[in-house]
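Heads up, the thing below is written out as structure tokens.
Being a predicted model, the structure only gives us computed values, none of them experimental.
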Amino acid sequence: MNPDGHDRAPAIDAALVRRLVRAQFPQWAGLSVRPVADDGWDNRTFHLGDTMTVRLPSAEGYAAQVDKEHTWLPRLAPHLPLPIPVPLARGVPAEGYPFPWSVREWIDGETASAGRIGDPAVFATDLAAFLTALRRVDPTGGPPAGRHNFFRGGPPATYDAETREAIDALKDRIPAGTVTEIWEAALDAGRQGSPVWFHGDVATGNLLVRHGRLAAVIDFGTSGVGDPACDVAIAWKLPTAESRRAFREALAVDPAMWARGRGWALWKALITVRRDREGTGDDDRARFSAEWRTLQTILTEYERRCP
């Protein structure tokens, strides 16, 4: 069972992928299968030949995302300024693997670590332009916040109890009073306006760069229609304060949305740091370090009284 409490799939490896492809898509059975260099947690991804990937949910809680992405990504793609994954085929449970899975086009690029980004402000502005275009897509019939995306697009209050528990558990390592104040500001920052499309997990691992520029956005598993403040959480992971300002200005984020987005970033940072401390996480030191830096960035910005 993973840290979120979802039953995990049996071992997912290249041999399993080869069996699944051979049985369900024999036209691709002769293609090579190998893991991608930078894999995620929610899904396991493998190259299929040179132009495709196979993506398999790693636990039951992520399985519903397969059908959602197959339905909506082809509809979203024509309206967006950058490539997103295009589903090519949908696999079914077999070979001891219990969930649906997908075959997609491969998008070339590297994950957007700080050292791979050319001009951070340009990167931030390009990302804002992508998210602005996504929000403009007709949301009619789109999936609202729910279990399929862990309630992204809903209010941060969904995770109020979990956040306060993490604050209490970490009170000897963090300024609990200030952190609580930041969290309560997010809860108090209500939203007005109609639901719009959001990505739901705008993180460096889901942003690809080529030649230092943002080149693609991947992993729409937590996407949906609702409050896009969850996408603002990336601001506190951008490399510089200048890039954070550029992102906020280009996306036209008002103070209430900024507070809610900061709340989403704070929640994720707190629960990750807590799990690492208690030994209930996935032992990913890079993930822990990144979320600890996010927490420190949030505190620094807030203590300077940036709204």
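The pair Arg18-Asp13 does not count as a salt bridge, with every side-chain nitrogen at least 4.0 angstrom from each carboxylate oxygen. A salt bridge does not link Asp108 with Arg210: none of the charged nitrogens is closer than 4.0 Å to a carboxylate oxygen. Between Asp67 and Arg90 there is a salt bridge, with a side-chain nitrogen of the basic residue lying less than 4.0 Å from a carboxylate oxygen of the acidic one. Arg274 and Glu278 are joined by a salt bridge, as a carboxylate oxygen and a charged side-chain nitrogen come within less than 4.0 angstrom of each other.
Contact record, Gly142 with Val225: CA-CG2, 3.6 Å, taken as the closest heavy-atom pair. Annotation for Arg260 and Pro156: closest pair O-CG, 4.1 Å, computed over non-hydrogen atoms. Closest non-hydrogen pair, Ala121 versus Glu242, comes out as CB-OE2, 4.2 Å. Of all heavy-atom pairs between Phe220 and Glu69, the closest is N-OE2, 3.0 Å. Nearest approach of Pro57 to Pro100, heavy atoms of both residues: CD-O, 3.2 Å. Pairing each heavy atom of Gly263 with each of Ala186, the nearest pair is CA-CB, 3.6 Å.
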Begin from the C-alpha positions of Phe123 and Leu238 and carry the test side-chain contact (heavy atoms from CB on, under 4.5 Å) through to its verdict. CA-CA 9 Å; Phe123 176 87; Leu238 293 172; 4.0 Å; yes
Salt bridge (charged side-chain N to carboxylate O under 4.0 Å, His left out) between Lys237 and Glu291, worked out: CA-CA 8 Å; Lys237 298 180 186 296; Glu291 294 298 347; 2.9 Å; yes
Show, in sequence, the C-alpha distance, side-chain angles and deciding distance for Tyr62 and Phe150, and conclude whether the ring pair (Phe, Tyr, Trp, His ring centres under 6.0 Å) test is met. CA-CA 9 Å; Tyr62 312 120; Phe150 308 102; 5.6 Å; yes
Could you go through the side-chain contact (heavy atoms from CB on, under 4.5 Å) check for Val209 and Arg213 one step at a time? CA-CA 5 Å; Val209 296; Arg213 292 288 297 270; over 6 Å; no
Tell me, with the steps shown, if Arg104 and Leu48 meet side-chain contact (heavy atoms from CB on, under 4.5 Å). CA-CA 9 Å; Arg104 303 164 174 226; Leu48 180 60; over 6 Å; no
Would you please test Arg164 and Asp160 for salt bridge (charged side-chain N to carboxylate O under 4.0 Å, His left out) and show each step? CA-CA 6 Å; Arg164 292 182 189 275; Asp160 186 38; 2.8 Å; yes
side-chain contact (heavy atoms from CB on, under 4.5 Å) between Asp172 and Arg277, worked out: CA-CA 12 Å; Asp172 62 333; Arg277 178 172 186 170; 2.6 Å; yes
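No donor-acceptor pair under 3.5 Å is formed between the side chain of Asp201 and the backbone N or O of Thr222. In this structure, Thr158 contributes its side chain and Pro155 its backbone to a donor-acceptor pair below 3.5 Å. No side-chain donor-acceptor contact under 3.5 Å links Trp236 to the backbone of Ala265.
The ring pair (Phe, Tyr, Trp, His ring centres under 6.0 Å) search around Trp292 returns none, not counting sequence neighbours. Under the ring pair (Phe, Tyr, Trp, His ring centres under 6.0 Å) criterion, His47 pairs with Trp106, not counting sequence neighbours.
For the 3.5 Å distance criterion, the side chains of Asp231 and Trp264 fail to qualify, holding no donor opposite an acceptor. Side-chain N/O atoms of Thr300 and Thr297 include no donor and acceptor closer than 3.5 Å. Using modelled atom types, one finds a donor on one side chain and an acceptor on the other under 3.5 Å when comparing Arg116 with Thr111. Side chains of Thr53 and Arg55: no donor on one and acceptor on the other come within 3.5 Å.
Connection of Val137 to Val217 is established within a shared hydrophobic cluster, with ILVMFWY side chains joined at heavy-atom distances below 4.5 Å, either directly or through further cluster members. Ile107 and Ile117 fall into different hydrophobic clusters, where Ile, Leu, Val, Met, Phe, Trp and Tyr side chains are chained together by heavy-atom contacts under 4.5 Å. Residue Leu76 is not grouped with residue Ile218 when hydrophobic side chains (ILVMFWY) are merged at heavy-atom distances under 4.5 angstrom, including chains of intermediate members. Val232 and Val196 fall into different hydrophobic clusters, where Ile, Leu, Val, Met, Phe, Trp and Tyr side chains are chained together by heavy-atom contacts under 4.5 Å. Under a hydrophobic-cluster definition in which Ile, Leu, Val, Met, Phe, Trp and Tyr are linked whenever side-chain heavy atoms come within less than 4.5 Å, directly or via other members, Val202 and Leu82 are assigned to the same cluster.
Side-chain contact between Ser58 and Asn43 is absent, with no heavy atoms from C-beta onward closer than 4.5 Å. Inter-residue side-chain proximity for Trp197 and Pro228 is flagged as unmet; no heavy-atom pair is nearer than 4.5 Å. At a threshold of 4.5 Å between non-hydrogen side-chain atoms, the residues Phe151 and Pro144 do not count as touching. Counting heavy atoms from C-beta outward, Leu73 and Lys68 have side chains that stay 4.5 Å or more apart. Annotation: side chain of Lys268 is not in contact with side chain of Thr294 (no heavy-atom distance under 4.5 Å). The side-chain heavy atoms of Val66 and His70, taken from C-beta on, include a pair separated by under 4.5 Å. By the 4.5 Å heavy-atom criterion applied to side chains, Ile182 and Leu299 are counted as neighbours. Taking 4.5 Å as the limit, some side-chain heavy atom of Asn149 sits within range of a side-chain heavy atom of Phe198.
The aromatic rings of Tyr159 and Trp267 lie parallel to each other, their planes meeting at an angle below 30°, with 60° marking the opposite boundary.
Taking a 6.0 Å sphere around CG of Asp50, one finds it holds 12 or fewer heavy atoms contributed by other residues, nucleotides or ligands.
For the atom pair Trp28 CH2 and Arg22 CZ, the distance stands at 15.5 Å (nearest 0.5 Å). The structure places NE2 of His199 at 10.5 Å from CG of Leu80, a figure rounded to the nearest 0.5 Å. Thr178 OG1 to Ile298 CD1: the interatomic distance, rounded to the nearest 0.5 Å, is 12.5 Å. Distance check: Leu131 CG to Leu127 CG gives 4.5 Å after rounding to the nearest 0.5 Å. To the nearest 0.5 Å, the span separating CG on Leu20 from CZ on Phe46 amounts to 10.0 Å. Here CZ of Arg191 is found 9.5 Å from CG of Asp254. Values are rounded to the nearest 0.5 Å.
Geometric assessment of Arg248 against the ring of Trp258 yields a positive cation-pi assignment under the 6.0 Å and 45° thresholds.
Screening Thr51, Ile84, Leu88 for a side chain to side chain contact (heavy atoms under 4.5 Å, CB included) involving Glu105 leaves a single residue, Leu88.
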